[in-house]
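Presented below is the structure to which this report refers.
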Amino acid sequence: MKSGFEIDLPAEPLEAIAPIARTSVEHRVAQTLREMIVTGKLPAGTPLVQRELAERLGVSQTPVRLALMELERDGLVAVGETGRAVVSRLTREDLEELYAARYGLEGLAARAGAPRVSDSDLEAMRALLDDLDSYAEAMAVDDYLSARWDFHSICYLASGRTRLVAEVERLFWRGDRYHRLVLSSPERFGRSVGNYHVFFEACEARDPDQAEAVVQDSIRWAVATAAPSLPSEVEDMA
């Protein structure tokens with residue numbers, strides 16, 4: 001006889017349940033639109049009509065709608081009161097708010113990770129640093145940004161704080177368009193990659209204070225570099 005607290009368990013564990021295929025479609029749609037936005041193929045202000053996007057991408061409107069919701073959360077898409085979606089603008093205020101969040105969280109990730117990097121971590125970071133030098137010289141921005149995250153994430157993941165690192169990664173890629181704005185000249189690439197050499201030295205020394213300071217100095221420099229060229233939401237409203 002069953003007690004009032006007993007329940008019937010499923011025949012198979014939940015891990016055996018296959019994911020709904022539509023999820024992968026939504027992800028692919030979001031990734032495609034994200035790439036088109038950050039590379040400028042869909043400039044700021046471009047209307048994003050679900051029906052037209054669905055036809056262009058060869059999918060139904062449902063994954064397009066869900067993808068646009070994801071991109072809205074990431075700050076790449078703006079949806080007005082009428083429900084009309086457009087590619088969001090780059091603004092000074094958005095840059096400052098995004099980088100302020102990175103300043104705190106990414107600084108914390110660097111502080112927590114630097115004392116815990118292993119010798120093998122440093123070897124991997126050194127190899128990526130060589131790649132960053134090459135990409136900076138060639139101004140290969142896509143390769144540079146990818147290697148840049150891989151480089152930093154080795155240190156951040158050494159902290160063991162996966163939730164923190166996941167949020168830092170989300171903020172990093174949310175700022176992709178701003179990163180590209182900062183990296184618009186050989187001189188800026190040179191300054192950027194120079195920061196990574198200093199960060200590597202901090203990790204080699206297992207110095208949490210220096211690792212945090214390098215990350216935060218780099219973020220302050222990026223804001224100071226990019227902000228003057230951006231429109232202001234507040235000034236537009238005046």
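All figures in this text were calculated on a predicted structure; none of them were measured in a lab.
Rounding to the nearest 0.5 angstrom, the gap separating the OG atom in Ser24 from the CD atom in Gln31 is 12.5 Å. Considering CD of Glu106 and CD of Glu169, their distance stands at 10.5 Å, rounded to 0.5 Å. To the nearest 0.5 Å, atoms CG (Leu66) and NE2 (His27) are separated by 14.0 Å. To the nearest 0.5 Å, the span separating CD on Glu204 from CG on Asp119 amounts to 10.0 Å. Expressed to the nearest 0.5 Å, how far CG of Asp176 lies from CD of Glu35 amounts to 10.0 Å. Separating the OG1 atom in Thr32 from the CG atom in Leu53 is a distance of 10.5 Å, to the nearest 0.5 Å.
Val214 is connected to Val223 through a chain of hydrophobic side-chain contacts under 4.5 Å among Ile, Leu, Val, Met, Phe, Trp and Tyr, so both are in one cluster. Cluster annotation: Phe200 and Trp149 are assigned to the same hydrophobic cluster (Ile/Leu/Val/Met/Phe/Trp/Tyr, side-chain heavy-atom contacts under 4.5 Å, transitive). Residues Val86 and Val29 do not share a hydrophobic cluster, defined by chaining ILVMFWY side chains whose heavy atoms lie under 4.5 Å apart. Leu183 and Val193 fall within the same hydrophobic cluster, defined by Ile, Leu, Val, Met, Phe, Trp and Tyr side-chain heavy atoms under 4.5 Å apart, directly or through other members. In this structure, Val168 is a member of the same hydrophobic cluster as Trp173, with clusters built from ILVMFWY side-chain heavy atoms closer than 4.5 Å.
In terms of heavy-atom proximity, Ser60 sits nearest to Pro63 at OG-CD, 2.9 Å. Nearest heavy-atom pair across Val79 and Ala85 is CG2-CB, 4.1 Å. Taking every heavy atom of both residues into account, His179 and Leu145 meet most closely at CB-CD2, 3.7 Å. When all heavy atoms of Cys155 and Ala110 are compared, the closest pair comes out as SG-O, 4.0 Å. Pairing each heavy atom of Ala101 with each of Leu171, the nearest pair is CB-CD1, 3.9 Å. Across all their heavy atoms, Pro47 and Arg84 have their closest contact at CG-NH2, 3.5 Å.
Between the Arg116 side chain and the Ser159 main chain, no donor and acceptor come within less than 3.5 Å of each other. The backbone N or O of Ala44 sits nowhere less than 3.5 Å from a side-chain atom of Arg89 that would complete a donor-acceptor pair. Of the possible donor and acceptor atoms, one in the side chain of Gln216 sits under 3.5 Å from a partner among the backbone N and O of Tyr103. With Tyr178 contributing its side chain and Thr91 its backbone, the two residues share a donor-acceptor pair below 3.5 Å. A donor-acceptor distance shorter than 3.5 angstrom exists from the side chain of Arg188 to the backbone of Leu181, with no hydrogens or angles considered.
With salt bridges taken as basic N to acidic carboxylate O contacts below 4.0 Å, none links Asp133 and Arg126. Salt-bridge formation is detected for the pair Glu70/Arg34: a Lys NZ or Arg NE/NH1/NH2 atom is positioned less than 4.0 Å from an Asp or Glu carboxylate oxygen. Note on Asp131 versus Arg148: no salt bridge recorded, every NZ/NE/NH1/NH2 to OD/OE distance being 4.0 Å or above.
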- prompt: Do Leu95 and Leu90 pass the side-chain contact (heavy atoms from CB on, under 4.5 Å) test, and can you show the C-alpha distance, the side-chain angles, and the key distance before you say yes or no?
  reply: CA-CA 7 Å; Leu95 169 72; Leu90 297 175; over 6 Å; no

message: Assess the residue pair Ser88 and Arg177 against the criterion (side chain to side chain donor-acceptor pair (under 3.5 Å)); give the C-alpha distance rounded to whole Å, side-chain angles, the decisive distance to 0.1 Å, and a yes or no.
response: CA-CA 11 Å; Ser88 62; Arg177 290 188 294 171; 2.9 Å; yes

message: Before you tell me yes or no, could you show the steps for Ser118 and Asp121 under side chain to side chain donor-acceptor pair (under 3.5 Å), namely the whole-Å CA-CA distance, both residues' side-chain angles and the distance that decides it to 0.1 Å?
response: CA-CA 5 Å; Ser118 66; Asp121 289 335; 3.1 Å; yes

query: Would Leu122 and Arg206 satisfy side-chain contact (heavy atoms from CB on, under 4.5 Å), going step by step from the backbone distance to the final call?
result: CA-CA 10 Å; Leu122 290 172; Arg206 272 79 171 189; 3.4 Å; yes

task: Kindly determine whether Glu93 and Leu230 satisfy side-chain contact (heavy atoms from CB on, under 4.5 Å), including the steps that lead there.
output: CA-CA 9 Å; Glu93 288 78 10; Leu230 293 169; over 6 Å; no

- request: Please report the C-alpha distance between Val198 and Gln210 in whole Å, then the side-chain angles of each, then the deciding distance to 0.1 Å, and finally whether the side-chain contact (heavy atoms from CB on, under 4.5 Å) criterion is met.
  value: CA-CA 9 Å; Val198 179; Gln210 180 64 8; 3.7 Å; yes

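Heavy-atom neighbours of Met69 CE from other residues, nucleotides or ligands within 6.0 Å: at or below the threshold of 12. At most 12 non-hydrogen atoms from other residues, nucleotides or ligands lie less than 6.0 angstrom from CZ of Arg56.
Between Ile37 and Val77, some side-chain heavy-atom pair lies under the 4.5 Å cut-off. With contacts defined as side-chain heavy-atom distances shorter than 4.5 Å, the pair Phe172/Ser153 does not qualify. Within the 4.5 Å cutoff, the side chain of Asp94 has heavy atoms near those of the Glu233 side chain. A heavy-atom distance below 4.5 Å is found between the side chains of Leu33 and Leu68. In this structure, Asp142 and Tyr135 have side chains that are not in contact, with every pair of non-hydrogen atoms separated by 4.5 Å or more. Put simply, the side chain of Arg28 does not reach to within 4.5 Å of the side chain of Leu57, judged on heavy atoms. The side-chain heavy atoms of Tyr196 and Met125, taken from C-beta on, include no pair separated by under 4.5 Å. The shortest side-chain heavy-atom distance between Ser146 and Asp150 falls under the 4.5 Å cut-off.
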